Amino acid sequence: MDKIYEQTMLFDFYGELLTEHQRSVYADAVYNDLSLGEIAEERGISRQGVHDLIKRCDKILKGYESRLHLVERFARAKETVREIQRLSGTGQEEFLFTESELRDRLRRIGRLARELQEEL
């Protein structure tokens, strides 16, 4: 997973569990794309302090994910929905399925929907 995407997803799911200060600095780094120097100057702390705080937040957020797996489950659910859309012919101009193909697709959609429901 791309580092920025991973940081964003972890922050979206677990950011509220950080302190206000951690959340604010991490958001500036990840969402607002501010440099360590810009964040340090804005907050009156050292560049090294900002770097250490971001690393600590990364570790905290990854720790939550390793225990709770919310981002992983979300990614699997998204992929399941994509597969259901593909099987249903969503976005296709014409449905050119034989009756047998249609029954097979409906069975697979039903299976995926049950798996998704169990996941959630």
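Everything quoted here is computed from the prediction, not taken from an experiment. All residue numbers refer to positions in the sequence shown, counting from 1.
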task = Group every Ile, Leu, Val, Met, Phe, Trp and Tyr by side-chain heavy-atom contacts under 4.5 Å, then state whether V30 and L17 land in the same group.
result = yes

Across all chains, not counting sequence neighbours, the salt bridge (charged side-chain N to carboxylate O under 4.0 Å, His left out) partners of R47 are none

- Is the closest basic N to carboxylate O distance between D58 and K62 below 4.0 Å? no

Margin query: Checking R103 against E99 for the salt bridge (Lys or Arg N to Asp or Glu O under 4.0 Å) test, could you report, in this order, the C-alpha distance in whole Å, the side-chain angles of both residues, the deciding distance, and whether it holds?
Written below: CA-CA 6 Å; R103 272 196 303 273; E99 190 175 326; 2.9 Å; yes

S24 meets the side-chain hydrogen bond (donor to acceptor under 3.5 Å, both in side chains) criterion, sequence neighbours left out, with R43

Heavy-atom closest pair (E79 atom, R82 atom, distance to 0.1 Å) is OE1-NH1, 2.7 Å

Output for pair (R108 CZ, S88 OG), nearest 0.5 Å, gives 11.5 Å

Applying side chain to side chain contact (heavy atoms under 4.5 Å, CB included) to N32 and not counting sequence neighbours gives D28, L34

Just do the salt bridge (Lys or Arg N to Asp or Glu O under 4.0 Å) check on R56 and D52 with the steps written out, would you?
CA-CA 6 Å; R56 193 171 333 114; D52 292 346; 5.7 Å; no

* Under 3.5 Å, is there a donor-acceptor pair between the side chain of Q22 and the main chain of T19? -> yes

The reported gap from OH in Y26 to CG in L10 (rounded to nearest 0.5 angstrom) is 6.5 Å

**Message:** Tell me if a side-chain donor or acceptor on E65 pairs with a main-chain N or O of V71 at a distance below 3.5 Å.
**Reply:** yes

Heavy atoms, side chains only, cut-off 4.5 Å: are E6 and M9 in contact?
-> no

Separation between NZ (K59) and CG (L61), nearest 0.5 Å, reads 12.5 Å

Can I get a per-line list of side-chain donor-acceptor pairs under 3.5 Å for residues 112-120, giving both atom names and the distance, sequence neighbours left out?
unit_1, atom_1, unit_2, atom_2, d
R114, NH1, G110, O, 3.3
E115, OE2, R111, NH1, 3.1
E119, OE1, R76, NH2, 3.2
E119, OE2, R73, NE, 3.2
E119, OE2, R76, NH2, 2.6

dist L36:CG -> I54:CD1 (nearest 0.5 Å) comes out at 5.0 Å

dist Y14:OH -> I60:CD1 (nearest 0.5 Å) comes out at 14.0 Å

Hits for side chain to side chain contact (heavy atoms under 4.5 Å, CB included) against A75, two or more places apart or cross-chain, chain-then-number order -> none

task = Take E20 and R23, measure what salt bridge (Lys or Arg N to Asp or Glu O under 4.0 Å) needs, and give me the verdict at the end.
result = CA-CA 5 Å; E20 177 58 37; R23 215 174 20 252; 2.6 Å; yes

CG (L106) and CG (L87) are apart, to the nearest 0.5 Å, by 9.5 Å

Sorted by chain and residue number, the side chain to side chain contact (heavy atoms under 4.5 Å, CB included) partners of Y31 (sequence neighbours excluded) come out as T8, F11, D12, A27

- prompt: Can you tell me if E41 uses its side chain to pair, donor with acceptor, with the backbone of E38 under 3.5 Å?
  reply: no

Correct closest heavy-atom pair for G49 and S46 would be N-OG, 2.8 Å

